[in-house]
Amino acid sequence: MILLKGKDFLTLADFGQDEIYQILAKATELKRLHRLGKSTRLLDGKSVALIFEKPSTRTRVSFEAGISQLGAHPIVLYGRDLQLGRGETIEDTGRVLSRYVDAIIVRTFKQGDLEKLAKAASVPIVNGLTDEFHPCQILADFLTILEKKDRLAGLNLAYVGDGNNVCHSLILGACHVGLNVSIATPPGYEPNEWVVERAKKAVRNFNHKIYTTNNPKEAVLKADIIYTDVWTSMGQEEEAQERKKILAPYQINSELLSLAKPDALVMHCLPAHRGEEITEDIMESSNCVVFDQAENRLHAQKALLSLLIGD
Ligand code: CP
Ligand code: NVA
């Protein structure tokens, strides 16, 4: 067992196979206890700050509920209400908050700001989404896949759409657990090269595949899982019209789904835009597990926090 206590969770690049499986095992146990109505107060008396510089439904509510269920106290802070918005540095904010709370969860724009905060803070920093990564989402996604398919290694996941923060974290997570990934994006919307290269290097050690293409049909052929996300991420609103046009051929619809395995899971981190990246009928189909993913945010994040700051 690898000790996770005191670590930051900034990207999945720093968490290997053992760490990920340890979190997933803990999440499974916490979910079982939760469903039985048993106590999961592993963080009694602790406090966790949550800083949001972008909107959120799932991340905020699942963390806030989960922290309370763990017996700890969540303190939700919006960027605009902090002195951060009036010029206090991210480093000073981290140093001050470290004197009050046991961990800090942050949703912000630049990954670099999160890294600066992590360097200055003396308590674990958890990435609640940046422009580049969304690692908490992927823990919940892996838990969902495990529950539905009993394994991660050797399955084929096709990501179709914008090569964004969720796509990046999927790529980095998948290489640690042996999920094969095919990514189909329009030209110019590919995931960052360094992320793909980093995963390819790790994949070499594990003998699993990572593949990028501009052809969605090619990516989803015989897939066990099809994953998509919004075409316009938070902060890209000005590009929305152009993105709608360019990404239209990358919609998850019945025609595309018919190329995957019949029991393929359809996944989406949500919020979904029905009629854009995914059709209404696919959202409501039996293949679609998006609400299980959303539920598992709660259990996966409780597991993560209990391992990072539990006694
Ligand atoms: N998937 C996800 O992170 O959702 P929110 O933006 O609602 O937190
Ligand atoms: N890619 C999306 C994910 C939302 C959870 C965004 O960054 O807006």
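Sequential numbering from 1 along the given sequence is applied to the chain's residues. As the structure lists them, so they are numbered: ligands from 1, and atoms in each ligand from 1. The structure displayed is predicted, hence computed values, not measured ones. Every heavy atom of this structure was used, including side-chain atoms; hydrogens, water molecules and symmetry mates were not.
When Arg60, Met234, Arg107 are checked for heavy-atom proximity to atom 6 (O) of ligand 1, Arg107 turns out nearest. Considering Pro271, Pro55, Ser56 only, the shortest heavy-atom separation from atom 8 (O) of ligand 1 involves Ser56.
Ligand 1 does not have Lys54 within reach: every non-hydrogen atom of the residue lies 4.0 Å or more from it. Heavy-atom separations between Leu270 and ligand 1 include at least one value shorter than 4.0 Å.
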Anything under 3.5 Å between an N or O on ligand 2 and a protein N or O? List each pair with its distance, or write none.
from	atom 1	to	atom 2	distance (Å)
ligand 2	1 (N)	Asn164	ND2	3.3
ligand 2	1 (N)	Asn165	OD1	2.8
ligand 2	1 (N)	Asp229	OD2	2.6
ligand 2	1 (N)	Ser233	OG	2.7
ligand 2	7 (O)	Asn165	ND2	2.8
ligand 2	7 (O)	Ser233	OG	3.4
ligand 2	8 (O)	Met234	N	2.8

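Distance from atom 7 (O) of ligand 1 to its nearest protein heavy atom, with residue and atom name: Thr57 N, 2.7 Å. Closest to atom 2 (C) of ligand 1, if we only count protein heavy atoms, is Arg297 NH1, 3.3 Å. For atom 4 (O) of ligand 1, the closest heavy atom belonging to the protein is Arg58 NE, 2.8 Å. Shortest contact from atom 3 (O) of ligand 1 to any protein heavy atom: His134 NE2, 2.8 Å.
Ring planes of Tyr78 and Phe52: tilted class, angle from 30 to 60°.
Defined by atom type and a distance below 3.5 Å, a donor-acceptor pair is present between the side-chain atoms of His268 and Glu277. In this structure, a donor-acceptor pair under 3.5 Å is absent between the side chains of Asn253 and Glu255. For the 3.5 Å distance criterion, the side chains of Ser62 and Gln301 qualify, holding a donor opposite an acceptor. Between Asn287 and Asp263, the side chains place no donor N or O within less than 3.5 Å of an acceptor N or O (distance only, hydrogens not considered). Defined by atom type and a distance below 3.5 Å, a donor-acceptor pair is missing between the side-chain atoms of Gln22 and Asp18. Tyr159 and Asn164 share a donor-acceptor pair across their side chains, judged by distance under 3.5 Å alone.
With His168 contributing its side chain and Asn192 its backbone, the two residues share a donor-acceptor pair below 3.5 Å.
At a 3.5 angstrom cut-off on N or O pairs, Leu129 does not count as close to ligand 1.
Judged by a 6.0 Å distance limit and a 45° cone about the ring axis, Lys7 is positioned over the six-membered ring of Phe15.
With respect to Glu276 and Lys244, a salt bridge is recorded, a charged nitrogen being found less than 4.0 Å from a carboxylate O.
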